[in-house]
Amino acid sequence: MIDTTKYPVLPRKFYIRPVLTVAKDLLGKVLIRQNGKTLFAGRIIEVEAYDGNVDEAAHTFKGKTKRNEVMFNEGGYFYVYFTYGAHFCCNVVTGKQNHGSAVLIRALEPLSGIDEMIKNRFGRKLKNEKEIFNLTSGPGKVCKAFGFNREHTGLDLTNSQVFILDRPKLKKDRIGISKRIGITKSINLQWRFFEIGNPYLSR
DNA sequence: ATCAAGATTACCT
DNA sequence: GGTAATCTTGATA
């Protein structure tokens, strides 16, 4: 169980920066959801950047809609959307008001609330020791494990039950860079960032 | 009103 | 490695 008072909560100014900078800097930070007596915590190990100004894959590329309006907030808000008729994905909004950029949280290394995460994901106990690495190794899995859904979109990460704790930046040689996963537009942008070798990565 | 696509996952061979 | 599942959203009429 990690002590949430031990590290500072990331402030607004962390998020109001270019999306690629925030994406890389989020690696190693700790995402928290405090839900009553349950504390969910996970170390961010895989992210992707989306920027509606230049990126056809971003939800905001064609302008504001009811679904994506949170992404046009200033940095530091939580954007959760539903996709494929089954899964929620969660993002951290970045940049200045009206910019339309965000970082998708693709995978976490679970730290606290692990029993609750297992319950949320599988509704049973782990089958074997390896299954722990399937707990939060994908954007839909992260939301299922933490219990994120529509109700959480628009939350202020600087002033709510969902927030991110500061931790030291990863060393540059520990950060992998690749194309983004699961998109069909702007496929050549190398906007996926991850901690090399972490066993909780997606796919 | 209708329709195609989707920032995925689980399960199959 | 391939694909079915499932339903919301945004575009077009």
Run A:R180 and A:D55 through salt bridge (Lys or Arg N to Asp or Glu O under 4.0 Å) and show every step you take. CA-CA 12 Å; A:R180 294 173 295 178; A:D55 169 15; 2.7 Å; yes
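- A donor-acceptor pair is defined here as one N or O able to donate and one able to accept, closer than 3.5 Å; such a pair exists between the side chain of A:N68 and the backbone of A:H59.
- Looking at residues 56-77 of chain A, you'll see A:K62, A:T65, A:R67 sit with a heavy atom under 4.0 Å from some atom of DNA chain C.
- DNA chain C lies under 4.0 Å from at least one heavy atom of each of the following residues of residues 119-158 of chain A: A:R150.
- Applying the ring pair (Phe, Tyr, Trp, His ring centres under 6.0 Å) criterion to A:Y200, with sequence neighbours excluded, gives A:F133.
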Strand DNA chain B as a dot-bracket string - pairs counted if Watson-Crick or G-U with both distances under 3.5 Å, | where the partner lies in another strand: ||||||.|||||.
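- Applying the salt bridge (charged side-chain N to carboxylate O under 4.0 Å, His left out) test between A:E195 and each of A:K24, A:R174, A:R43 identifies A:R43 as the sole match.
- Residues A:L201 and A:R106 have side chains not in contact (no heavy-atom distance under 4.5 Å, counting atoms from C-beta outward).
- No donor-acceptor distance shorter than 3.5 angstrom exists from the side chain of A:R121 to the backbone of A:A145, with no hydrogens or angles considered.
- The backbone N or O of A:P18 lies less than 3.5 Å from no partner atom in the side chain of A:T94, so there is not a single donor-acceptor pair.
- Remark: A:R124 engages A:E131 in a salt bridge, criterion side-chain N to carboxylate O under 4.0 Å.
- Side-chain atoms of A:T136 never come within 3.5 Å of backbone atoms of A:E109 as a donor-acceptor pair (strictly under, hydrogens ignored).
- Bracketed by its first and final contacts, the part of DNA chain B lying under 4.0 Å from non-hydrogen atoms of chain A reaches from B:dG6 to B:dA10 in 5' to 3' order.
- Judged by a 6.0 Å distance limit and a 45° cone about the ring axis, A:R33 is not positioned over the six-membered ring of A:F163.
- Across every non-hydrogen atom of A:I181 and A:E48, the tightest pair is N-OE2, 2.8 Å.
- Side-chain atoms of A:E74 never come within 3.5 Å of backbone atoms of A:G76 as a donor-acceptor pair (strictly under, hydrogens ignored).
- A side-chain N or O of A:S202 and one of A:E46 form a donor-acceptor pair less than 3.5 Å apart.
- Between A:Y79 and A:Y81, the ring planes are tilted. Angles from 30° to 60° get that label.
- Under a cutoff of 6.0 Å and an axis angle of 45°, A:R167 and A:Y7 form a cation-pi pair.
- The stretch residues 82-104 of chain A comes close to DNA chain C through A:F82, A:Y84, A:G85, each having a heavy atom under 4.0 Å from the strand.
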